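Note that these values count all heavy atoms, side chains included, but never hydrogens, waters or copies made by symmetry. Just so you know, these numbers come straight off a predicted model, no measurement behind them. Throughout, numbering of the chain's residues begins at 1 and tracks the sequence.
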Amino acid sequence: MTTSLQDGQTAAGRAAARDSPLTAQVCGAAQGRGDARDLAPAPWLQARALLPPPDGTRGCAADRRKKKDLDVLEMPSIPNPFPELCCSPFTSVLSAGLFPKANSRKKQVIKVYSEDETSRAVEVPSDITARDVCQLLILKNHYIDDHSWTLFEHLPHIGLERTIEDHELVMEVLSNWGMEEENKLYFRKNYAKYEFFKNPMYFFPEHMVSFATETNGEISPTQILQMFLSSSTYPEIHGFLHAKEQGKKSWKKIYFLLRRSGLYFSTKGTSKEPRHLQFFSEFGNSDIYVSLAGKKKHGAPTNYGFCFKPNKAGGPRDLKMLCAEEEQSRTCWVTAIRLLKINICRVEWNRLMHLSFVCGYGMQLYQNYMHPYQGRSGCSSQSISPMRSISENSLVAMDFSGQKSRVIENPTEALSVAVEEGLAWRKKGCLRLATHGSPTASSQSSATNMAIHRSQPWFHHKISRDEAQRLIIQQGLVDGVFLVRDSQSNPKTFVLSMSHGQKIKHFQIIPVEDDGELFHTLDDGHTRFTDLIQLVEFYQLNKGVLPCKLKHYCARIAL
């Protein structure tokens, strides 16, 4: 009899929880859990639960629901221990708004800087990637997306900077920053980010590359890159580097060897024997940074420094500083380490997820290069598209002569329109030249032509030679990256600074006067231009005396 009574009490408690959601929620709120058996039901409720149903009355589902509603209305009110959580006895005690949504993502505000030190605060989800942040800033500022916009991590207290890869989570990068560190995120162009996929010969010079296994015949730079991506036969990068001794200010020149397992140095000359190789650094738990002021901050012998910095440590003592003899050597080391760094991260990920490893060296970088809009956050290619496409295949001929513009589909008509526009452009140029040469408008035209270039994004007013080189290096040592600046040695001349072959070259733009008219030239007057805009436009289309055409201009954008 006792057993049946206890069973009846348990059944009664379950019936009360089933018939009245309010009762179950109050019980859960009172005990900290949603268990209705922890609250004993009233005696009259126990008796009702033990009564058998009337004979022959089963009823339909609608009658049973109606009966339950009447039972709820007939129940006496139960004191609510949490009255502030509900507005009426028939509403849920805990509002649905108090619980986090299943698909909700936390939003955080990040600040991004541009080269002119202007900044912009952007609210982003917690799982946003670096590529998605670039996409947001491109859309907000109406820039053209040519896949060269990049997010940089800048550490001013130790003078380091690195490219944040497109697939990296920005919040993970910020989580490694110390509370007292004044680190910054910079948004600017980096034309060399994936240039090694296009022109690998500039990134892997022959004297720095060897192979762990025997190879038949010569290996081209493209084949070397393919080995980094997919082959089990991997190349080795080797050469002399200056290394800073741990805990000391002195630097020592040592022979280094880069393999997929890490960076090693030889204790005996250039020997590659295992007994002479000593481990220097690995890539799984550290990032590769470029030194911005190695001579000033770290006493480096050259300005081409880079270092390994652990992810969870930010002290200068934890840095492993290295220094190359020239920019091409540093670029080769940093590029190879980027490819190997991505590979090791994917090895760990596949091992944790119990998946077979099928991707080769740098495959993640290659996917970023081939599919720039594949993001993992809500700002992926499905929700963000480029403002404008710079592909020549997407350009169409348009006719704006009428009240409404139309697409010219006839190729013959499109060709004739192009010829007419070219002739009109030449007439404008001749008219400008004639106006410039007329006696009445000579002074006005000269003043206009002298100042018209100042509004161009490629012109930098009074910057030094070192500052020009720094800007070009920041935006990538790719052939054709250029800027125009005032000459510091000669106030009446200008200087064209450009990148070619991993080096920065400077060409003086000399003013030439002919019959009272002022022209600009790069080749001692053989080719003359009325202003700098005409000069730049010419060398963007023609190589001329330059080592290559002008392709990408360095500009200081503002956010």
Side-chain angles (χ1 to χ4, degrees), residues 100 103-113 119-138 149-158 160-188 190 193-194 281-290 306-316 318-320 334 337-353 355 359 361-369 371-381 383-384:
N103 297 326
S104 65
R105 293 183 299 172
K106 294 182 179 179
K107 295 275 188 175
Q108 298 189 25
V109 178
I110 62 174
K111 181 179 286 189
V112 184
Y113 291 82
S119 63
R120 183 161 191 166
V122 184
E123 186 181 30
V124 297
S126 58
D127 61 343
I128 195 169
T129 62
R131 178 59 191 171
D132 292 336
V133 172
C134 292
Q135 283 292 101
L136 285 175
L137 295 175
I138 289 170
W149 294 102
T150 310
L151 207 62
F152 289 85
E153 180 186 6
H154 183 69
L155 312 179
H157 63 291
I158 51 180
L160 300 178
E161 186 177 81
R162 79 174 180 99
T163 298
I164 303 178
E165 305 295 352
D166 286 343
H167 64 276
E168 288 189 67
L169 298 180
V170 177
M171 294 308 168
E172 288 187 1
V173 176
L174 300 183
S175 64
N176 296 328
W177 292 1
M179 295 296 294
E180 299 179 356
E181 297 176 350
E182 297 180 357
N183 301 336
K184 295 180 180 180
L185 293 176
Y186 275 90
F187 172 69
R188 64 170 179 264
N190 181 18
K193 180 167 58 173
Y194 298 126
S281 179
E282 51 85 28
F283 321 122
N285 297 318
S286 60
D287 292 314
I288 183 72
Y289 289 79
V290 173
F306 61 98
C307 78
F308 294 93
K309 177 182 174 297
N311 294 334
K312 298 300 181 181
D318 299 322
L319 303 178
K320 295 186 177 181
V334 173
I337 292 170
R338 283 178 63 196
L339 292 169
L340 293 173
K341 161 76 175 176
I342 300 299
N343 174 60
I344 290 181
C345 292
R346 290 189 66 84
V347 170
E348 294 178 355
W349 181 80
N350 281 285
R351 185 173 67 250
L352 292 175
M353 298 300 294
L355 298 176
C359 296
Y361 303 145
M363 185 55 67
Q364 181 65 61
L365 287 183
Y366 187 70
Q367 293 177 358
N368 295 346
Y369 166 66
H371 307 286
Y373 296 111
Q374 283 189 352
R376 59 178 291 177
S377 66
C379 304
S380 60
S381 60
S383 57
I384 290 182

### Query
For Ile164 and Val170, what are the C-alpha separation, side-chain angles and deciding distance, and is it a side-chain contact (heavy atoms from CB on, under 4.5 Å)?
CA-CA 8 Å; Ile164 303 178; Val170 177; 5.6 Å; no

### Query
Would Leu339 and Phe283 satisfy side-chain contact (heavy atoms from CB on, under 4.5 Å), going step by step from the backbone distance to the final call?
CA-CA 10 Å; Leu339 292 169; Phe283 321 122; over 6 Å; no

### Message
Pair Val133, Val122 - check side-chain contact (heavy atoms from CB on, under 4.5 Å), show working.
### Response
CA-CA 9 Å; Val133 172; Val122 184; over 6 Å; no

### Task
Go through the steps to decide whether Glu153 and Lys309 satisfy the test salt bridge (Lys or Arg N to Asp or Glu O under 4.0 Å), and finish with yes or no.
CA-CA 12 Å; Glu153 180 186 6; Lys309 177 182 174 297; 5.5 Å; no

### Message
Applying side-chain contact (heavy atoms from CB on, under 4.5 Å) to Ile128 and Leu136, what does each step give before you reach the verdict?
### Response
CA-CA 11 Å; Ile128 195 169; Leu136 285 175; 3.8 Å; yes

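The line from CD of Glu123 to CD of Gln108 is 10.0 Å long, rounded to the nearest 0.5 Å. The CG atom of Leu169 sits 9.5 Å away from atom CG of Asp132, with the distance rounded to the nearest 0.5 Å. The CD atom of Glu282 lies 7.5 Å from the NZ atom of Lys320; values are rounded to the nearest 0.5 Å. For the atom pair CG (Leu160) and CD1 (Ile288), the distance works out to 9.5 Å, reported to the nearest 0.5 Å. Atoms CD and CG, on Glu181 and Leu155 in that order, are 7.0 Å from each other to the nearest 0.5 Å. To the nearest 0.5 Å, the span separating CD1 on Ile158 from CG on Leu319 amounts to 5.0 Å.
In plain terms, the two heavy atoms of Arg131 and Trp149 that are nearest each other are NH1-O, 4.0 Å. Nearest heavy atom pair, residue Met171 against residue Pro125, reads CE-O, 4.2 Å. Taking both residues in full, the closest heavy atoms of His167 and Thr129 are given as O-CG2, 3.9 Å, listed atom of the first, atom of the second, then distance. When all heavy atoms are compared, the tightest approach of Ser286 to Phe308 is OG-CD2, 4.1 Å.
Under the 4.5 Å side-chain criterion, counting only non-hydrogen atoms from C-beta, Val112 is not in contact with Ser119. Inter-residue side-chain proximity for Leu185 and Tyr113 is flagged as unmet; no heavy-atom pair is nearer than 4.5 Å.
For Lys193, the side chain to side chain donor-acceptor pair (under 3.5 Å) test picks out Thr150, Asp166, with sequence neighbours left out. In terms of the side-chain contact (heavy atoms from CB on, under 4.5 Å) criterion, Glu182 has no residue partners (sequence neighbours excluded).
The aromatic rings of Tyr186 and His154 lie perpendicular to each other, with more than 60° between the two planes, well past the 30° mark.
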